[in-house]
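Before any comments, here is the structure.
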Amino acid sequence: MILHLHLVRHGQTVFNRYNRLQGWCDSPLTESGLADADKAGRKLADIDFAAAYCSDTSRARITAARILDVNEAAGHRRPALVDDMHFREQCYGYFEGQDMSLAWTAAGGPHGAPSYNAIVARYGLSATRDLLKAADPFHDAESDAEYWARVEGAFALIAANPTLRDGDHVLQISHGNTLLSLAHRFGGDGLDLSERPANGSVTVVDFDTERPFENALTIVSYNG
């Protein structure tokens, strides 16, 4: 069964505006963030969603609700919104809420890579998680293996939905680093991954529910 997933990055939050790490912690949507959600809703107004999912954070729930408001006003049936921790952003542990540049310097600086982009360029994206966990004095930040095990659980939750049928469209409110990570892992060489997905952007993914997770996803479009 192939499902067409429309992954929307939540609207801008206060922490986004201040350039702070925001994973399992939360902060309110800004006025621009509410506008991001409404803009995404207008982009998706013609799509009939069979299901809708988001993380259990206010930024994801509010973004989802505003998109579904627009979709319902356009004449579509409104699916129940399922929120679950498996759809959360990466957990940054001790570094939650800290300035991004300071956090990534703490993680990568001792290894000769004092920024997020430097870590990716020198060691690969997976190292951003493992180095941050190593730098976390409480080791609460997710390792790469812990992160992907949880994300795989999110897709398993969608695949287990008995009401979905081949070709259905599914709304999923996602997060910046998760979208970037999915694009790195499943997008191949044709995607421009030089920029993080914008707040309110839409990434379309085809999900083959019958394949192992390692080759179940195809990135159709990114950061649109």
Side-chain angles (χ1 to χ4, degrees), residues 7-40 53-67 81 83-109 114-120 125-144 146-151 153-154 171-185 193-203 222-223:
L7 278 62
V8 180
R9 187 184 177 196
H10 60 80
Q12 184 198 59
T13 67
V14 171
F15 277 9
N16 291 155
R17 184 181 179 194
Y18 296 156
N19 200 39
R20 294 183 177 276
L21 284 182
Q22 182 177 228
W24 287 18
C25 67
D26 210 0
S27 69
L29 294 183
T30 63
E31 287 300 317
S32 292
L34 296 174
D36 291 332
D38 294 341
K39 182 178 179 180
Y53 296 87
C54 69
S55 68
D56 55 349
T57 58
S58 66
R59 63 189 188 272
R61 289 193 190 107
I62 293 170
T63 299
R66 293 179 80 98
I67 291 172
L81 178 63
D83 62 69
D84 189 273
M85 64 84 61
H86 287 87
F87 295 95
R88 289 179 189 175
E89 177 63 291
Q90 172 183 341
C91 177
Y92 299 111
Y94 171 80
F95 297 101
E96 292 274 347
Q98 291 199 15
D99 180 89
M100 282 191 183
S101 61
L102 295 178
W104 293 118
T105 297
S115 69
Y116 180 88
N117 288 337
I119 296 171
V120 174
L125 184 62
S126 62
T128 61
R129 284 181 270 272
D130 290 337
L131 290 180
L132 198 72
K133 186 177 183 71
D136 181 346
F138 297 92
H139 299 295
D140 286 337
E142 285 183 307
S143 69
D144 192 61
E146 291 167 337
Y147 170 79
W148 282 113
R150 181 174 56 77
V151 169
L171 175 66
Q172 181 181 330
I173 309 305
S174 192
H175 299 268
N177 204 56
T178 291
L179 288 166
L180 185 63
S181 297
L182 289 169
H184 267 273
R185 181 167 179 176
L193 302 179
S194 59
E195 293 187 10
R196 292 172 61 80
N199 292 107
S201 65
V202 180
T203 294
Y222 172 71
N223 194 25

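This chain uses plain numbering: 1 for the first residue, then up along the sequence.
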Quick one: does Leu132's side chain get under 4.5 Å of Trp104's, heavy atoms only?
-> yes
Between atom CG of Leu125 and atom OH of Tyr116, what is the distance when rounded to the nearest 0.5 Å?
-> 4.5 Å
Any donor-acceptor pair under 3.5 Å linking the side chain of Asp130 with the backbone of Asp144?
-> yes
Please step through side chain to side chain contact (heavy atoms under 4.5 Å, CB included) for the pair Leu182 and Leu7, ending with a clear verdict.
-> CA-CA 11 Å; Leu182 289 169; Leu7 278 62; 3.7 Å; yes
Under 3.5 Å, is there a donor-acceptor pair linking the side chains of Ser126 and Tyr147?
-> no
Steps toward side-chain hydrogen bond (donor to acceptor under 3.5 Å, both in side chains) verdict (Asp26, Ser58) = CA-CA 7 Å; Asp26 210 0; Ser58 66; 2.7 Å; yes
Check each of Ile62, Leu171, Asp38, Leu81 against Ile67 using the side-chain contact (heavy atoms from CB on, under 4.5 Å) test, and report the only one that passes.
-> Leu171
Exercise: identify the closest heavy-atom pair between Cys54 and Ala60 = CB-CB, 3.9 Å
Residue pair Ala103 / Leu21: nearest heavy atoms and the distance that separates them = CB-CD1, 3.5 Å
Heavy-atom donor-acceptor pair, Lys133 side chain to Glu142 backbone, under 3.5 Å = no
side-chain hydrogen bond (donor to acceptor under 3.5 Å, both in side chains) evaluation trace for Ser27 with Arg20 | CA-CA 10 Å; Ser27 69; Arg20 294 183 177 276; over 6 Å; no
How long is the span from the CG atom in Leu180 to the OG1 atom in Thr203, to the nearest 0.5 Å?
-> 9.5 Å
If every non-hydrogen atom of Asp83 is compared with every non-hydrogen atom of Arg61, which pair is closest and at what distance?
-> OD2-NE, 3.3 Å
Taking Glu89 for the side chain and Asn177 for the main chain, is one N or O donor matched with an acceptor at less than 3.5 Å?
-> yes
Please answer whether the main-chain N or O of Met85 pairs with a side-chain N or O of Ser55 as donor and acceptor at a distance below 3.5 Å.
-> no
Distance col, row Glu146:CD vs Cys91:SG, nearest 0.5 angstrom, shows 9.0 Å
Interatomic distance, OG1@Thr178 vs CZ@Arg88, rounded to 0.5 Å, equals 12.0 Å
Working for side-chain hydrogen bond (donor to acceptor under 3.5 Å, both in side chains), residues Asn117 and Ser115 = CA-CA 6 Å; Asn117 288 337; Ser115 69; 5.7 Å; no
When you measure from the side chain of Thr63 to the backbone N and O of Ala37, does any donor-acceptor pair fall under 3.5 Å?
-> no
Within the side chain of Thr105, is there an N or O that forms a donor-acceptor pair under 3.5 Å with the backbone of Pro114?
-> yes
Phe15 versus Cys25, closest heavy-atom pair with distance | CE2-SG, 3.8 Å
Heavy-atom nearest pair, Ser181 first then Arg129, reads OG-NH1, 3.2 Å
Working to the nearest 0.5 Å, report the span between CD of Glu96 and CG of Asp136.
-> 9.5 Å
Mind running side-chain hydrogen bond (donor to acceptor under 3.5 Å, both in side chains) on Tyr222 and Ser201 for me, showing each step along the way?
-> CA-CA 8 Å; Tyr222 172 71; Ser201 65; over 6 Å; no
Is the backbone of His86 close enough, under 3.5 Å, to the side chain of Arg150 for a donor and an acceptor to pair up by distance?
-> yes
Under 3.5 Å, is there a donor-acceptor pair between the side chain of Asp84 and the main chain of Ala154?
-> no
Mark yes or no for whether Arg59, through its side chain, and His10, through its backbone, hold a donor-acceptor pair below 3.5 Å.
-> no
Shortest non-hydrogen pair, Thr57 vs His175, comes out as OG1-CE1, 3.9 Å
Is there a donor-acceptor pair closer than 3.5 Å between any side-chain N or O of Asn16 and the backbone N or O of Thr13?
-> yes
